[in-house]
Amino acid sequence: PPHIDVPLSSTPPLKLKKEIYQDLTSHPWAGLPVTIEMVAHDGTGQQAATPPQPLTLPERTFTVPLARALVEQRRRLAPHPKARFSVAGFLESVSIYPDTRQIDLSVYLGMRALYWRIIHADINSSNFQTELASATDMLWTMALHLEDGDLSLAEKELRDAREALMNALTEGASDEEISQLMQ
């Protein structure tokens with residue numbers, strides 16, 4: 001499940017108001033009903049929690065059919081590792097005739113590499129969960145590439161840079177560090 005940390009400044013404020021942006025549309029559970037709970041920890045180790053609240057994680061809508069299909073395979077693979085052979089079968093069937101389907105070469109190569117990675121993943125290996133997480137990330141990256149080209153990746157980098165700058169300003173970073181983050 002996703003775990004989101006909300007970092008706070010080191011000086012305790014009298015009133016706290018903080019906004020963060022966490023894009024959960026890339027999480028394999030996006031679009032599914034979940035239950036969220038917020039837990040706060042203080043410096044002495046005490047904690048308080050909100051009552052669990054049901055909600056549906058927001059999901060990104062894909063218009064390119066192959067991108068939509070890759071995201072669906074990702075959604076199948078993430079919670080059910082035994083579905084990996086079915087996902088591999090999908091990847092093989094879609095990539096078997098790349099010329100007739102007009103698949104982008106980088107996506108074609110990604111699907112072929114992913115097919116072999118999934119087929120040879122050893123469920124008894126200590127790296128199995130890491131391999132599956134890598135496979136789901138690769139499916140997401142290919143879907144984004146099909147849908148937006150490189151635009152989605154640039155948007156994420158910009159959002160990450162903005163968040164790093166906001167954190168530095170909150171923590172009272174030096175002028176040099178802030179200037180570096182602005183660059």
Side-chain angles (χ1 to χ4, degrees), residues 1-62 67-68 70-84 87 118 121 123-145 147-148 151-183:
H3 179 89
I4 302 167
D5 287 325
V6 180
L8 303 175
S9 64
S10 57
T11 59
L14 295 176
K15 291 184 179 180
L16 177 65
K17 180 179 178 183
K18 176 148 182 145
E19 292 181 24
I20 64 163
Y21 176 80
Q22 182 72 40
D23 184 6
L24 295 177
T25 59
S26 64
H27 193 278
W29 293 2
L32 299 176
V34 297
T35 303
I36 64 164
E37 181 180 36
M38 293 181 16
V39 179
H41 301 271
D42 69 7
T44 62
Q46 300 175 48
Q47 71 178 30
T50 63
Q53 294 290 321
L55 70 93
T56 299
L57 282 181
E59 70 179 314
R60 176 174 174 159
T61 303
F62 287 88
R68 213 173 28 241
L70 290 173
V71 170
E72 183 57 37
Q73 295 303 311
R74 177 180 187 256
R75 189 175 288 151
R76 290 178 58 227
L77 180 63
H80 307 291
K82 291 183 180 178
R84 71 184 191 281
V87 172
I118 290 172
I123 198 163
N124 297 319
S125 167
S126 61
N127 294 337
F128 183 71
Q129 290 300 327
T130 305
E131 290 176 26
L132 282 188
S134 172
T136 60
D137 289 346
M138 195 169 173
L139 285 165
W140 180 256
T141 301
M142 288 187 296
L144 287 178
H145 178 74
E147 190 74 21
D148 299 334
L151 184 61
S152 292
L153 299 175
E155 181 183 7
K156 181 186 181 311
E157 289 174 4
L158 179 61
R159 196 170 30 251
D160 290 346
R162 181 175 179 243
E163 185 175 325
L165 179 60
M166 292 302 291
N167 286 339
L169 289 170
T170 302
E171 293 293 325
S174 68
D175 289 343
E176 181 181 315
E177 186 178 349
I178 291 172
S179 176
Q180 192 176 28
L181 288 170
M182 289 291 288
Q183 293 298 322

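All residue numbers refer to positions in the sequence shown, counting from 1.
- Here the CD1-CG distance, from I118 to L139, works out to 6.0 Å after rounding to the nearest 0.5 Å.
- Using a 4.5 Å heavy-atom cutoff, the side chains of V34 and T56 are not in contact.
- Shown here for E147 and A67, the closest heavy-atom pair between the two residues is OE1-CB, 3.9 Å.
- T136 approaches R74 most closely through the heavy-atom pair O-NE, 2.9 Å.
- Across all non-hydrogen atoms, the minimal contact from R68 to F62 is NH1-O, 3.1 Å.
- With values rounded to the nearest 0.5 angstrom, R60 atom CZ is found 9.0 Å from D23 atom CG.
- Rounding to the nearest 0.5 Å gives a distance of 11.0 Å between CG of L132 and CG of D137.
- Heavy atoms only, all atoms of each residue included: Q73 and R76 are closest at OE1-NH1, 2.7 Å.
- Residues I123 and R84 come closest through the heavy atom pair CD1-NH1, 4.2 Å.
- Here the OG1-CG distance, from T25 to L57, works out to 10.0 Å after rounding to the nearest 0.5 Å.
- Remark: the S174 side chain and the E176 side chain contain no N/O donor-acceptor pair separated by less than 3.5 Å.
- When all heavy atoms are compared, the tightest approach of M182 to L165 is SD-CD2, 3.3 Å.
- With a 6.0 Å radius and a threshold of 12 heavy atoms from other residues, nucleotides or ligands, N127 has its CG atom above the threshold.
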